[in-house]
Amino acid sequence: MAGATGSWWGRLPHALTRSVGFVRAAAPREFNAIVALQAAGAVCLVGQLVLARTVLQEVLDTDRAGDHGRLIAALLALGAVTAVSALCAGLAGERRRLMVELVRRHASRRILDVTAAVDLASFESVPFNDGLARAKQHAESRPQEIVAGIIQVGQSALTSAGLAVTLATIAPELLPVLVLGVAPTILFLRRNSRDLHALERRLTPSDRERWYLEDVLSTTAGAKESRTYRLPAILRPRHEALFESRIAAHRDLARRRSVRIGFVSVLGALVVVGGLGLLAALVVDGRMTPADAATAAVVVQQLTVRTRMASAGAGLLYENSLFLDDVDEFLALLPPVRPVGSATTDARPPSPPPELHALTVSHLDFTYPGTDRPVLRDISLRIAAGEIVALVGENGSGKTTLTKLLCGLYVPTAGTIRWDDQPAADVDPEDWRRRFGVVFQDFMRYELPARLNVAIGRHQAQHDLDAVRAAARLADADGFLGGLPDGYETILSRAYAGGADLSLGQWQRLALARAFFSDAPVLVLDEPTAALDPRVEQELLVRVRALAGAKTVLLISHRLSSVRFADRIYVLHQGVLVEEGHHDELVARAGHYAELFDLQASAYRVSARPSGYGRAVEGFDEGAG
């Protein structure tokens, strides 16, 4: 664990440099402005002390009936410097708030760059998900603390330097005492930071489960089942137990940290009392004037506060350098990636050829990360340009996994996928995925305007409403989308003012319109009509058939009546390709496909259902695929 190594003094320069670099990359103007305002504030503080000393000396030296001109001038100067100091502090506060938001955006962008570019299989890895959870959590909370740490260290260091110079001219004997009082504070802050970091890493898995339960209990997606199955009665106790465990761990940590903080507080008080006692002795011995003693007392008090703030800021930076290590650890789990949409000077891999003649799969195997059971074994098939090809098989046969491999969302464990003669592994993955317009069986329902819901696969053309409506008409969706309260500008969620929701069948037709609008040469339709009634299903399939020649279509469906018109049908069984051919050939062959087709056809016959029908059809009703 990177964050647990390295001494305090060894890591502190690294933590400071790294944090400053991180903040400057996110908000250069705000950072420079705050540095300038801090420097001005430090000068003002020293000026206030010098002027206050002058005022006090003038009060002691001037007769009541004498000339008060110098005293008035000193008071006016002190007031002006105090006003400038307050102005600098106020402006720095406003810049700080803006800088926190800019740093938070920068951190979020780094994480999203990775999540947008990594292989889909990464999202099924436990280390990846733990690392992602920590990185997202830190991106939300740590920027504010990093900014606060930098400001504390910078401001306190500048003002402490000015105060130390002032004290050195008045009472240099006090400087060693103050230094001795700071060292234990730094050591205890280091220990507190490491303990907190270790605890948060240990709590990550339970935090992930707690956040998931909160989503289930508080989002629209879970609301229906939450009420139907009375989920709060089951899930709230589990959520409470996870929170109680977290609170107990933090309570134990707070006890240990409080003991250290108490020791440091007592030590700081002793340093101040000792410094004031030394000042009193110097005045009594006549080695210091009362005005110098009073000024030195203020300087000692301010130096104690400022050095404590500097130590706390340094501790904050050290602590956050440990959490920034978590972000780096998360990024290190991944192969080098080129963030989607980013500029790069490196040579990009080639794109697939613009025209498709054939999509070829050769001896493909795939095993999910963290498992040892292959999902697909030795798959070889060919999809010619302009063909409609169907994949069929029972649940768990690997159909959906195969389509994700074809679309470049997974990397095969073995074997190759080629676009003509170009292997997928040798081309730009982003360009490869762009060649596919996909309707997944668990398609997204975006809480966005209907227009953007359709155009999301080719967002550059989202303002071409004619093209959006043409894709919607092809999917038989234009009628109900155009009839929404604000037409295609209606947000598809009742959680927003003026929003509206769609039925499941309407959402499925919108998802089809999304694939049509993508203008990709290959359409992958995974259970595209599962929520549609037979009449609408047949109308859509006729339209898909009409696309033959212009588009290559890969259709996955558990309704075998929907795949009869396909040019070729591939049958998967337990991750193995067992049959291929068109419908009539496969039925005549009396193999696996014929058995499945007969089971479904029997549901429409007048005669009694065959033995085992219910179990077979239930198992064949598409699920995870």
Task: Within-4.5 Å side-chain heavy-atom neighbours: Val439 and Arg514 - done: no
Open item on the list: Tell me if the OH atom of Tyr212 is crowded by more than 12 foreign heavy atoms within 6.0 Å.
Closed with: no
Task: Heavy-atom side-chain contact between Glu200 and His250 under 4.5 Å - done: yes
Task: Beyond-backbone contact of Val438 with Phe443, side-chain heavy atoms, under 4.5 angstrom - done: no
Open item on the list: If you apply the rule side chain to side chain contact (heavy atoms under 4.5 Å, CB included), what do you find for Leu572 with Ile379, and how did you get there?
Closed with: CA-CA 9 Å; Leu572 288 171; Ile379 301 294; 3.7 Å; yes
Open item on the list: To check you understand the geometry: which heavy-atom pair defines the closest contact between Ser557 and Val392, and what is its length?
Closed with: O-CG1, 3.8 Å
Task: Asn453 and Trp507: CA distance, side-chain angles, deciding distance, side chain to side chain contact (heavy atoms under 4.5 Å, CB included) verdict - done: CA-CA 10 Å; Asn453 255 285; Trp507 271 113; 3.7 Å; yes
- [ ] Give the C-alpha distance, both sets of side-chain angles, the deciding distance and a yes or no for side chain to side chain contact (heavy atoms under 4.5 Å, CB included) between Leu406 and Val524.
- [x] CA-CA 9 Å; Leu406 290 172; Val524 179; 5.9 Å; no
Task: Sidechain-backbone polar pair: Ser245 side chain, Ala241 backbone, donor-acceptor under 3.5 Å - done: no
Task: Ile247 side, atom CD1; Glu240 side, atom CD - distance, nearest 0.5 Å - done: 8.0 Å
Open item on the list: I'd like to check Ile456 versus Leu448 (side-chain heavy atoms, cut-off strictly below 4.5 Å). Are they in contact?
Closed with: yes
Open item on the list: Under a 3.5 Å distance rule, please check whether Arg377 uses its side chain to pair with a backbone N or O of Gln574 as donor and acceptor.
Closed with: yes
TODO: Can you run down the side-chain hydrogen bond (donor to acceptor under 3.5 Å, both in side chains) pairs that involve residues 403-413, sequence neighbours left out, and say none if there aren't any?
DONE: Glu124-Tyr410
- [ ] For Arg256, check side chain to side chain donor-acceptor pair (under 3.5 Å) against everything at least two apart and list the hits.
- [x] Asp195, Asp252
TODO: Report yes if some heavy atom in the side chain of Val375 is under 4.5 Å from a heavy atom in the side chain of Tyr368; otherwise report no.
DONE: yes
- [ ] Keeping the roles fixed (side chain from Gln508, backbone from Glu527), state whether a donor-acceptor pair exists under 3.5 Å.
- [x] yes
Task: Any side-chain heavy-atom pair of Asn32 and Arg24 under 4.5 Å - done: yes
Open item on the list: How close do Leu484 and Ala450 get, counting heavy atoms only, and between which atoms?
Closed with: CD1-CB, 4.2 Å
- [ ] Kindly compute the distance separating CD (Glu244) from CZ (Arg251), expressed to the nearest 0.5 Å.
- [x] 7.0 Å
Open item on the list: Walk me through whether Arg434 and Glu430 qualify under salt bridge (charged side-chain N to carboxylate O under 4.0 Å, His left out).
Closed with: CA-CA 6 Å; Arg434 221 179 262 130; Glu430 186 180 335; 2.6 Å; yes
- [ ] Compare every heavy atom of Gly437 with every heavy atom of Ser518, then report the nearest pair and how far apart it is.
- [x] OG-CA, 3.5 Å
Open item on the list: As an exercise, state the distance from CG of Leu102 to CZ of Arg95, rounded to the nearest 0.5 Å.
Closed with: 10.0 Å
Open item on the list: For the CZ atom on Arg246, are there more than 12 heavy atoms of other groups (residues, nucleotides or ligands in this structure) within a distance under 6.0 Å?
Closed with: yes
Open item on the list: If you compare all heavy atoms of Ile111 against all heavy atoms of Ala135, which two are closest, and at what distance to 0.1 Å?
Closed with: CD1-O, 3.2 Å
Task: Leu402 and Ile556, any side-chain heavy atoms less than 4.5 Å apart - done: no
Task: Contacts of Arg134 that satisfy salt bridge (Lys or Arg N to Asp or Glu O under 4.0 Å) - sequence neighbours left out - done: none
Task: Contact check, side chains of Phe436 and Leu409, non-hydrogen atoms, under 4.5 Å - done: no
Open item on the list: Within this structure, what is the CZ-CG distance for the pair Arg238 and Leu217, rounded to the nearest 0.5 Å?
Closed with: 12.0 Å
Task: Arg210/Glu214 salt bridge by N-O under 4.0 Å criterion - done: yes
Open item on the list: Treating Ser206 as the side-chain partner and Leu203 as the backbone partner, does any N or O pair qualify as donor plus acceptor under 3.5 Å?
Closed with: yes
Open item on the list: Please report the interatomic distance CE(Met99) to CZ(Arg96), rounded to the nearest 0.5 Å.
Closed with: 8.0 Å
Task: Heavy-atom pair with the smallest gap, counting every atom of Lys399 and Glu394 - done: NZ-O, 3.3 Å
Open item on the list: Can a side-chain donor-acceptor contact be found between Thr400 and Asp526 if the only test is distance below 3.5 angstrom?
Closed with: yes
Task: Verdict with reasoning, Arg445 to Leu504, per side chain to side chain contact (heavy atoms under 4.5 Å, CB included) - done: CA-CA 10 Å; Arg445 307 180 198 184; Leu504 181 58; 3.0 Å; yes
Open item on the list: What's the separation between atom CG in Leu502 and atom CG in Leu492, rounded to the nearest 0.5 Å?
Closed with: 5.0 Å
Task: Phe366 to Pro412 - nearest heavy-atom pair and separation - done: CD1-CA, 4.2 Å
